[in-house]
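For reference, the structure is listed below as structure tokens.
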Amino acid sequence: MPNIENDLRYLKLLQRDFPTISSVTTEIINLEAILHLPKPTEHFLADLHGENDAFQHVIRTSSGNIRRKVEENFRGILTEEEITALCTLIYYPEEKLKAVRATLSRKERTDYYRLTLQRLLPVVRSVTHKYTRSKVRKALPPEYAYIIEELLNESVGDRDKQAYFNVIIDTIIETHRSRPFIRAICLLIQDMSIDHVHILGDIFDRGPSPHLIMDTICQHTGVDFVWGNHDVLWMGAAAGNPVCVAAVLRLSLRYANVDTLENGYGIILRQLATFALQHYSNDPCQVFMPHLISGQMLSEAEQRVIAQMHKAITIIGWKLEAQLYHKHPEWGMLDRTLIEQIDYVHGTIDLYGKTYPLIDSHFPTVDPTDPTRLTPEEQDLIATLIHSFQSSERLQRHIDFMLQRGRMHLVTNGNLLFHAAVPLNADGTLRQVECLGRRVAGEALMERIDQVLRIPFDAGKELAEQQQALDYYWYMWCGPDSPLFSKERMTTFERYLIADAATHAEPKQPYFILRDDEAVCLRLLDAFHVQGRHRHIINGHVPVRAGKGESPVKAGGRLMVIDGGFAKAYHSQTGIAGYTLVYHSRGFDLVQHAPFRSREEAVRTGADIQGTTHLVEMTGRREMVADTDKGRQLQAQIADLKNLLAAYRKGLL
């Protein structure tokens with residue numbers, strides 16, 4: 001029994017929110033009731049890589065969760081075609097209603113609106129029943145909040161009440177508010193189908209619209225991140241790390257993704273284009289031609305300009321990273337100063353005990369006697385580009401959101417989330433890694449890196465400390481012991497300039513070899529203090545090659561890799577177009593996605609999430625809020641409120 005007298009200081013603070021016995025008992029009743037609601041649904045996504053259209057489709061469909069609710073309500077009542085049509089309306093109400101208006105007569109539209117509203121209401125009740133009325137009320141669109149709340153509380157067995165609801169529906173139709181009202185209902189279903197979204201890294205790079213994904217995410221309160229290596233690269237660029245800026249530009253130009261830079265974030269590329277034209281106008285830049293993905297249309301002239309810019313910024317980047325490796329010998333990456341190791345007379349390089357000819361050896365801005373030195377023009381160019389990244393209001397707003405909601409790892413409801421890996425030794429023990437003067441491992445390493453990556457954005461830190469932390473962003477991108485990379489080396493140089501594919505290999509660190517071992521995964525879960533009978537590691541980073549038979553479920557179900565290749569650049573490797581994971585009150589649905597073609601096709605054909613795979617391990621019973629982290633927080637609040645109630649009754653307050 002707690003000593004209430006010793007807790008009086010805290011209870012007096014709590015008293016401000018609950019000044020009477022009545023208010024305390026009401027809140028206790030409310031919280032106790034919430035504990036007995038079904039567990040809200042969580043949505044896990046990873047490695048979105050700028051594929052906004054596919055991301056929007058996954059969010060709108062809740063990875064098949066909405067269709068499951070529709071089928072539960074209408075199985076045996078509606079045909080498969082009618083279920084698909086209703087689902088498509090919920091996913092894309094604007095487009096579907098526009099098509100209805102264009103193809104149906106006025107009377108047909110009236111009948112359609114009435115029937116549709118009658119079918120939508122059971123679905124709304126189905127997705128909102130696990131939430132309190134208060135939470136549902138907050139999610140309602142203000143314009144229709146009262147009407148929707150009335151309709152949600154329809155009593156099927158009450159004939160008079162049924163007539164009342166029919167009048168509401170008829171009046172909505174008669175006042176020509178059917179379309180906006182149906183749209184509001186559909187968006188409510190989308191919003192309430194998933195309570196929380198966990199993004200396991202890599203929103204940026206490769207795909208065309210990471211800025212649009214971030215715009216959507218920034219509007220949602222129920223979202224958190226664990227950072228990926230591509231996210232950290234953009235964070236470093238936004239903070240002013242020169243080599244991160246060069247790498248972001250290199251990757252964007254490699255995939256001809258200038259729209260994200262120029263129109264998405266307002267990054268000014270004019271000076272880079274001028275510089276590239278000046279130095280590479282007669283250079284075919286064949287190695288640096290952009291990788292065009294299906295649907296991209298660029299003229300030969302446009303591709304040539306992008307290739308010239310691509311080569312220019314790549315060489316600047318190689319110079320800058322070599323400078324960093326000399327500045328930070330503690331990283332152990334001096335073997336990666338490859339721009340210094342080129343034989344500029346013969347156009348070759350010695351690597352791994354063998355001499356390789358370079359595919360491209362035209363480097364007009366490199367001084368062979370001092371290869372890492374930037375020319376004055378390059379210094380001015382990179383300074384201008386850094387300023388452009390730091391001055392982008394939209395980019396800074398997105399990165400600020402990622403800093404607020406993101407971190408290196410997350411433990412939630414018995415699941416350990418991180419993007420790529422936890423550094424391990426070959427025997428499966430936690431590997432000690434140096435991070436700005438401290439040698440740490442496991443959870444302590446993740447927390448230390450988390451602190452360091454925030455330092456460049458903290459104006460209160462010393463300049464020298466900010467610079468050290470800013471440099472460390474590059475190690476996070478490609479350092480061998482980086483939890484976001486975790487390979488022996490990043491062979492960007494070799495992939496560009498050496499034909500022999502044997503030099504392109506990026507040997508993986510022990511985590512990726514040992515992660516199939518259930519005992520190793522259980523030790524990791526213990527090391528991160530993850531509790532519960534149904535506990536898992538969930539991460540992404542390395543695409544699962546499902547087309548070659550690789551399973552995303554590993555270590556006897558203890559680990560799930562949900563990078564199935566959202567980016568179109570990966571589709572040929574993985575054979576699919578990504579995974580998402582849905583964790584609802586009865587267990588996990590691991591959802592495999594077919595390539596998403598277009599929003600228009602989804603509306604026209606009723607394209608839906610295909611290939612749901614139920615995980616072999618379900619929870620066995622329906623989980624309630626009381627079984628979750630939130631439930632444990634609520635139970636602690638209830639205990640505090642009971643102490644406050646006792647203090648009131650003893651006359652202590």
Side-chain angles (χ1 to χ4, degrees), residues 1-40 42 128-140 142 145 149 191-192 195-198 218-225 400-417 443-444 446-448 450-451 454-455 457-461 528-532 585 623-653:
M1 185 72 180
N3 189 328
I4 294 173
E5 287 81 356
N6 291 339
D7 293 339
L8 276 179
R9 186 175 178 183
Y10 168 66
L11 294 178
K12 285 179 180 178
L13 293 174
L14 193 59
Q15 184 183 24
R16 297 176 184 177
D17 294 324
F18 304 98
T20 65
I21 288 179
S22 176
S23 63
V24 176
T25 55
T26 298
E27 185 66 6
I28 290 173
I29 293 168
N30 176 49
L31 296 181
E32 288 281 8
I34 292 173
L35 290 174
H36 292 83
L37 288 172
K39 172 197 171 297
E42 300 170 77
T128 58
H129 82 282
K130 62 173 64 175
Y131 303 113
T132 63
R133 285 195 181 185
S134 173
K135 181 164 184 171
V136 174
R137 192 176 295 121
K138 290 175 184 175
L140 298 177
E149 196 165 7
D191 290 343
M192 302 303 287
D195 182 66
H196 201 96
V197 177
H198 306 287
C218 286
Q219 296 173 9
H220 288 269
T221 56
V223 64
D224 53 46
F225 301 87
D400 183 61
F401 189 84
M402 293 189 78
L403 287 165
Q404 289 180 31
R405 299 290 183 85
R407 55 184 304 170
M408 283 294 296
H409 81 287
L410 181 67
V411 175
T412 176
N413 292 331
N415 298 303
L416 170 60
L417 317 183
E443 185 176 34
M446 294 296 208
E447 291 174 349
R448 174 63 175 160
D450 192 282
Q451 294 167 0
R454 297 178 192 277
I455 290 173
F457 296 92
D458 185 349
K461 295 293 184 180
F528 281 81
H529 311 289
V530 184
Q531 299 179 344
S585 60
E623 291 190 333
M624 313 305 282
V625 171
D627 300 310
T628 67
D629 293 343
K630 179 66 175 178
R632 285 179 276 280
Q633 294 172 10
L634 294 180
Q635 287 166 346
Q637 292 176 29
I638 290 169
D640 290 339
L641 288 167
K642 287 181 176 179
N643 286 341
L644 178 61
L645 184 60
Y648 277 135
R649 287 174 172 164
K650 288 183 177 182
L652 298 175
L653 291 175

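Between K39 and K130, the shortest heavy-atom distance links the atoms O-NZ, 3.3 Å. Summarising the geometry of L416 relative to V530, their closest heavy-atom pair is CB-CG2, 3.9 Å, with the distance given to 0.1 Å. Of all the heavy atoms in H220 and R405, the pair that sits closest is O-NH1, 3.3 Å. Of all non-hydrogen atoms in M624 and P38, the two that sit nearest each other are CE-N, 3.6 Å. Heavy-atom minimum distance, L140 versus A145: CD1-O, 3.5 Å. The minimum heavy-atom distance between F528 and V411, with the atom names listed, is O-CG2, 4.0 Å.
Ion pairing between a basic and an acidic side chain is recognised when a charged N comes within 4.0 Å of a carboxylate O; K135 and D195 show such pairing.
Between the side chains of S23 and T20, at least one donor N or O lies within less than 3.5 Å of an accepting N or O. In this structure, a donor-acceptor pair under 3.5 Å is absent between the side chains of H198 and N415.
Exactly one residue among L37, V136, V625 makes a side-chain contact (heavy atoms from CB on, under 4.5 Å) with Y131. That residue is V136.
Every residue two or more places apart in sequence or in another chain that forms a side-chain contact (heavy atoms from CB on, under 4.5 Å) with D458 is listed here: K461. By the salt bridge (Lys or Arg N to Asp or Glu O under 4.0 Å) test, D640 is found to be paired with no residue, residues two or more places apart in sequence or in another chain being considered. Considering only residues two or more places apart in sequence or on other chains, K630 meets the side-chain contact (heavy atoms from CB on, under 4.5 Å) condition with T628, Q633, L634.
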* **Worked check of side-chain contact (heavy atoms from CB on, under 4.5 Å) between E447 and M408** => CA-CA 7 Å; E447 291 174 349; M408 283 294 296; over 6 Å; no
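Under the 3.5 Å distance criterion, the side-chain polar atoms of D224 are left unmatched by any main-chain donor or acceptor of G406. Within the 3.5 Å criterion, the main-chain N or O of L403 finds a donor-acceptor partner in the side chain of R454.
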